[in-house]
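What you see is a predicted model; the values in this text were computed from it and never measured. Values below: every heavy atom of this structure, side chains too, minus hydrogens, waters and symmetry copies.
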Amino acid sequence: MVTLPEISNVLSAHPGVRRAETAIVRHDGRDVAIAAAELSGYVSGPILRDHVRRELGEDSGLAGVVIVEQMPMADGALDVEWLASAVAQGRCTLFEDPRDDVERRVAAIWSAQMDMRSVGVNDDFLELGGDSLSALGIIAAIETEFGRSLDTFEFMSAASVRRLAEILR
């Protein structure tokens, strides 16, 4: 089992991160591991989450990363209430596994085309570092996999695996 300090250490070792802290917060009736990261360069929360999954494995337990300008502290420790509030407000994309075959196939294409260990169904294409070249690669792979044409507007409008899967169903 991966510990919260291990997650924080892996995040802090990333070249784009100045400091990271991880805590367990309650969200939608379950406990999830969320990290707060102060950046030294631009990197998104989903990319940092993928970094942890690459280093510590798929079962690292990290659900999301909130990007902060300054570490939210309370009584000398990470402010868990602030972190829970940030998650509730949607300032952190939580990893969610695909729920059916279409979402699994689309997520696998995104992962392969964008060289990501895993892509959550709600991750935003642009936050994952997507660009025009990766968009064209994903569109071509989807057209081959699903036998259906997909234009760039449809793809960019979808922006996530889940929404793209809805278009393909």
Side-chain angles (χ1 to χ4, degrees), residues 1-131 134 138 159-165:
M1 177 73 181
V2 175
T3 66
L4 298 179
E6 286 176 301
I7 293 170
S8 298
N9 289 338
V10 166
L11 282 170
S12 294
H14 187 282
V17 176
R18 179 175 40 250
R19 179 179 175 199
E21 299 286 337
T22 310
I24 300 293
V25 302
R26 193 95 179 134
H27 180 71
D28 285 343
R30 61 188 176 105
D31 291 335
V32 292
I34 304 294
E38 291 178 6
L39 302 181
S40 57
Y42 178 75
V43 64
S44 70
I47 287 177
L48 289 174
R49 186 189 64 222
D50 187 68
H51 171 71
V52 169
R53 286 173 166 256
R54 281 182 189 272
E55 296 295 314
L56 299 176
E58 293 291 321
D59 59 350
S60 67
L62 182 63
V65 179
V66 177
I67 305 301
V68 297
E69 292 208 18
Q70 185 173 4
M71 198 59 63
M73 303 297 282
D75 300 321
L78 181 61
D79 187 340
V80 176
E81 293 300 318
W82 183 93
L83 204 55
S85 174
V87 171
Q89 293 169 7
R91 293 192 295 157
C92 172
T93 303
L94 298 182
F95 182 83
E96 187 178 336
D97 284 313
R99 59 183 174 198
D100 64 22
D101 186 55
V102 174
E103 288 181 359
R104 269 187 291 285
R105 290 162 57 199
V106 172
I109 289 169
W110 281 37
S111 293
Q113 292 291 321
M114 299 182 76
D115 193 29
M116 307 267 314
R117 180 162 183 124
S118 56
V119 174
V121 295
N122 297 313
D123 290 345
D124 181 88
F125 173 72
L126 295 176
E127 281 190 359
L128 294 173
D131 58 21
S134 55
I138 290 170
S160 74
V161 167
R162 176 148 294 150
R163 290 192 302 246
L164 187 54

### Query
Ignoring hydrogens and geometry, is there a side-chain-to-backbone donor-acceptor pair from S12 to R19 under 3.5 Å?
no
### Message
I need the S111 OG to R104 CZ distance, nearest 0.5 Å.
### Response
13.5 Å
### Message
Would you compute the distance between atom CZ of R30 and atom CG of L94 and round it to the nearest 0.5 angstrom?
### Response
6.5 Å
### Query
Atom CD1 of I138 and atom CE of M114: how far apart are they, to the nearest 0.5 Å?
5.5 Å
#### Entry: Donor-acceptor pair, side chain of S160 and main chain of N122, under 3.5 angstrom
no
### Task
Answer yes or no: is there a donor N or O on one side and an acceptor on the other, between the side chain of R49 and the main chain of G64, under 3.5 Å?
no
### Task
Could you grab the distance from atom CZ of F125 to atom OG of S134, nearest 0.5 Å is fine?
3.5 Å
### Query
How many angstroms lie between atom CD of E38 and atom CD1 of I67, to the nearest 0.5 angstrom?
10.5 Å
## Note on the structure
Sorted by chain and residue number, the salt bridge (Lys or Arg N to Asp or Glu O under 4.0 Å) partners of D115 (sequence neighbours excluded) come out as R54
### Summary
Residues passing the side-chain hydrogen bond (donor to acceptor under 3.5 Å, both in side chains) test with R163, sequence neighbours excluded, are none
### Query
Should V66 and W82 be marked as a side chain to side chain contact (heavy atoms under 4.5 Å, CB included) after you check the CA-CA gap, both sets of side-chain angles, and the distance that decides it?
CA-CA 11 Å; V66 177; W82 183 93; 4.0 Å; yes
### Task
Nearest 0.5 Å please: distance from the CH2 atom of W110 over to the CD atom of E103.
11.5 Å
### Task
Just jot down the salt bridge (Lys or Arg N to Asp or Glu O under 4.0 Å) partners of E55, sequence neighbours excluded, or say none.
none
### Query
Would you find a donor on one side and an acceptor on the other, under 3.5 Å apart, between the side chain of D50 and the backbone of S118?
yes
### Message
A quick test of your reading: do over 12 heavy atoms of other residues, nucleotides or ligands sit less than 6.0 Å from CD of E81?
### Response
no
